[in-house]
Amino acid sequence: MNYDVKGNINQIKSSLHNGVKLVAISKFHPAEYIMEAYEEGQRLFGESRCQELLEKYPILPSDIQWHFIGHLQSKKVKQIVPFISMIQSVDSVKLLEEINNRAKMANRKIKVLLEIHVAEEESKSGFSIEELDEYLDSGDWKRLDNIEFCGLMTMATFTDNEDIIRKDFSTALNYFNKIKEQYFSSFPGFKEKSWGMSGDYKIAMEYGATMVRIGTTIFGPRTY
Ligand SMILES: *Cc1c(COP(=O)(O)O)cnc(C)c1O
């Protein structure tokens with residue numbers, strides 16, 4: 001291992017604003033890297049691929065909280081529902097319905113974040129603000145008894161231009177505040193703003209981030 005995972009974790013933690021949670025993004029890194037972070041007290045980890053998560057989950061300590069952060073196909077939901085702690089990357093109504101159905105069968109209530117698309121790249125996933133407005137306004141989500149809506153997740157445009165990154169996080173924060181007031185004011189659990197990665201988490205915290213998702217700065221570059 002070339003990376004000082006323990007040192008990196010501590011350095012990042014000391015730079016987080018009060019109350020901001022660190023999700024260590026361990027995708028493409030082996031279980032031994034995860035254990036380095038675990039030994040330093042880290043319990044919250046994020047993975048983006050089902051198969052990889054299903055391989056890691058059984059061989060790692062059971063008190064790890066796993067967050068799913070990648071594009072999730074509906075047909076794979078049933079495999080992670082028994083143990084997943086939060087699904088951060090809910091990007092369609094179809095997926096939400098499937099999570100609810102599978103959670104019901106597993107007798108669980110699953111925490112989710114709705115992923116919104118604010119970046120300039122078309123390739124990024126997530127609900128557009130228009131789509132999500134329409135869905136929330138329909139009220140259909142209120143009958144999803146096995147879903148716990150915990151907030152929003154987003155990714156900023158991948159760019160060196162800080163103005164664009166600020167614009168993206170500002171859009172996300174304003175939208176969070178709007179829907180919190182309009183739909184979720186009586187849901188105390190709807191409070192998470194998951195934005196910020198290795199390159200932009202310090203900016204994200206200026207725009208209200210409550211969770212930052214950091215991979216490269218902890219574990220080093222990924223080899224795909
Ligand atoms: C990979 C990934 C991250 C972590 O990115 P780093 O730049 O390595 O910190 C965060 N969020 C999502 C959704 C990701 O897919």
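Residue numbers start at 1 and run along the sequence shown.
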Problem - Ion pair check, R166 and D200, cut-off under 4.0 Å - result: no
Practice task
Begin with the C-alpha distance, continue with both residues' side-chain angles, and end with the deciding distance and a verdict on salt bridge (charged side-chain N to carboxylate O under 4.0 Å, His left out) for D145 and K104.
Solution key: CA-CA 8 Å; D145 291 332; K104 193 167 291 177; 5.3 Å; no
With the side chain counted from C-beta on, respond yes when [X] and [Y] share a heavy-atom pair under 4.5 Å apart, and no when they do not.
| X | Y | value |
| --- | --- | --- |
| I34 | E47 | yes |
| V90 | L72 | no |
| F176 | W195 | yes |
| L53 | F83 | yes |

Exercise for the section: Spell out, yes or no, whether M197 and I164 are grouped together once hydrophobic residues are joined by side-chain heavy atoms under 4.5 Å, including indirect joins. Expected result: no
Practice task
Could you tell me whether F184 and F187 have their ring centroids closer than 6.0 angstrom?
Solution key: yes
Problem - W141 ring center within less than 6.0 Å of F149 ring center - result: yes
Exercise for the section: Specify whether H29 and Y33 have parallel, tilted or perpendicular ring planes, treating 30° as the upper limit for parallel and 60° as the lower limit for perpendicular. Expected result: parallel
Exercise for the section: Please lay out, stage by stage, how L114 and M153 fare under the test side chain to side chain contact (heavy atoms under 4.5 Å, CB included). Expected result: CA-CA 6 Å; L114 300 167; M153 187 270 256; over 6 Å; no
Exercise for the section: Examine distances only and state if a side-chain atom of N100 and a backbone atom of N146 form a donor-acceptor pair shorter than 3.5 Å. Expected result: yes
